[in-house]
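Here is how names work: the chains are called A, B, and so on, in the same order as the sequence lines, proteins then strands, and each is numbered from 1.
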Protein chains: 2
Amino acid sequence: MRMTPLRRNVLALLVKAGEPVKAYDLLDQMRSEDGSAKPPTVYRSLDFLMEVGLAHKVEALNAYIACAHCHDKGGAELYICGKCGSVDERHGAPEPLNAPTGFETQRSVVEHYGLCAKCH
Amino acid sequence: MRMTPLRRNVLALLVKAGEPVKAYDLLDQMRSEDGSAKPPTVYRSLDFLMEVGLAHKVEALNAYIACAHCHDKGGAELYICGKCGSVDERHGAPEPLNAPTGFETQRSVVEHYGLCAKCH
DNA sequence: TCTGCGCTTGTGATATTATAACATAACCAA
DNA sequence: TTGGTTATGTTATAATATCACAAGCGCAGA
Ligand SMILES: [Zn+2]
Ligand SMILES: [Zn+2]
Ligand SMILES: [Zn+2]
Ligand SMILES: [Zn+2]
């Protein structure tokens with residue numbers, strides 16, 4: 001598991017976008033530079049980046065973003081503006097009070113959709 | 001927007017399953033009774049059920065469950081066991097403390113993946 | 001009752017998202 | 001160098017979801 005030019009390039013595209021990007025849009029961008037890119041190319045890179053905590057999947061959008069915190073893994077909370085598309089990544093929320101007793105959380109998906117302060 | 005036999009049938013299948021079900025699995029079940037079912041049939045019914053708050057999508061699984069609370073809409077928090085597949089639906093968590101200032105949440109996706117009390 | 005309109009469903013096609021399977025290449029340690 | 005592991009290339013296909021248009025149904029008002 002090491003950072004490679006390919007993976008670094010995918011990360012760079014995510015960072016440059018600054019907002020959630022679809023896998024096939026990444027693929028199109030990659031193809032425009034190196035015609036040989038194919039779906040597994042981008043999905044593997046995304047899997048790697050998520051595994052090491054450099055990217056997250058926005059589950060309800062089927063899109064991917066660069067991590068804004070460089071935390072190790074899990075636990076991101078995303079505030080996604082439906083108007084301008086901006087994503088504000090936070091983390092550190094405590095375990096919810098109303099969790100079922102005995103439930104041991106391994107991974108959480110927390111995505112809030114609404115309007116950011118600028119878009120009210 | 002009214003409840004119809006078709007929609008009631010989809011809801012019944014979700015309730016009977018008691019766990020997240022994939023759209024195409026629903027479709028297979030429907031086909032075994034009425035050969036004419038096609039993807040839009042099931043997706044439309046699911047859209048209706050979610051709109052009226054009788055079902056939820058489990059975003060990270062691309063699956064659907066019957067609502068366990070009959071709340072009006074939004075705000076479900078799902079605790080999903082990765083071993084036995086059970087889902088415990090809760091709601092009522094307060095707005096997170098670390099939300100960006102001025103963000104107005106319209107819809108939240110909250111899914112916790114881990115092990116339920118029985119599966120430790 | 002009849003008619004017209006809107007909602008619901010049928011149907012075929014297609015778009016979007018993601019993975020399987022196997023081959024080749026690059027990297028690195030012994 | 002040589003052999004194992006990791007990474008990438010390549011082809012195909014699976015899984016998920018939507019579009020577009022036609023047909024049917026249910027009901028309000030003429
Ligand atoms: Zn992050
Ligand atoms: Zn905004
Ligand atoms: Zn519910
Ligand atoms: Zn369990």
Check your understanding: Below 4.5 Å, heavy atoms only, C-beta onward: do B:D47 and B:R7 meet side chain to side chain?
Key -> no
Check your understanding: Are any side-chain N or O atoms of A:H120 and backbone N or O atoms of B:G102, one a donor and one an acceptor, separated by less than 3.5 Å?
Key -> yes
Practice item. Salt-bridge test for A:E111 and A:R90: reply yes if a basic N is under 4.0 Å from a carboxylate O, no otherwise. Key: no
Review point. Where is the tightest heavy-atom contact between B:C81 and B:L115, given as atom of each residue plus distance?
Key: SG-CA, 4.0 Å
Exercise for review: Heavy atoms only: give me the nearest A:N98-B:H91 pair and the separation to one decimal.
Suggested key: ND2-O, 3.5 Å
Exercise for review: With the side chain counted from C-beta on, respond yes when B:E89 and B:E77 share a heavy-atom pair under 4.5 Å apart, and no when they do not.
Suggested key: no
Check your understanding: If every non-hydrogen atom of A:C116 is compared with every non-hydrogen atom of A:C84, which pair is closest and at what distance?
Key -> SG-SG, 3.9 Å
Exercise for review: With a 4.0 angstrom cut-off to heavy atoms of chain B, pull out the first and last contacting nucleotide of DNA chain C, in 5'-to-3' order.
Suggested key: C:dC7 to C:dG12
Check your understanding: Which residues within residues 21-49 of chain A lie with some heavy atom under 4.0 Å of an atom in DNA chain C?
Key -> A:K22, A:Y24, A:P39, A:P40, A:Y43, A:R44
Check your understanding: Of the non-hydrogen atoms in B:C67 and B:G53, which two are nearest, and what is the gap between them?
Key -> CB-O, 3.4 Å
Study note, to complete from the structure: Comparing nearest nucleotides in DNA chain D, the 5'-proximal residue of the pair A:R7, B:A63 is A:R7
**Study point:** Over all atoms of both residues, closest heavy-atom pair of A:S108 and B:H112
**Key:** OG-ND1, 2.6 Å
Check your understanding: How do B:M3 and B:N62 order along DNA chain C: which one's closest nucleotide is nearer the 5' end?
Key -> B:M3
Review point. Nearest heavy-atom pair of B:S45 and B:L6: which atoms, and what distance?
Key: OG-CG, 3.7 Å
**Study point:** Along DNA chain D, first and last positions that approach a heavy atom of chain B under 4.0 Å
**Key:** D:dT16 to D:dG26
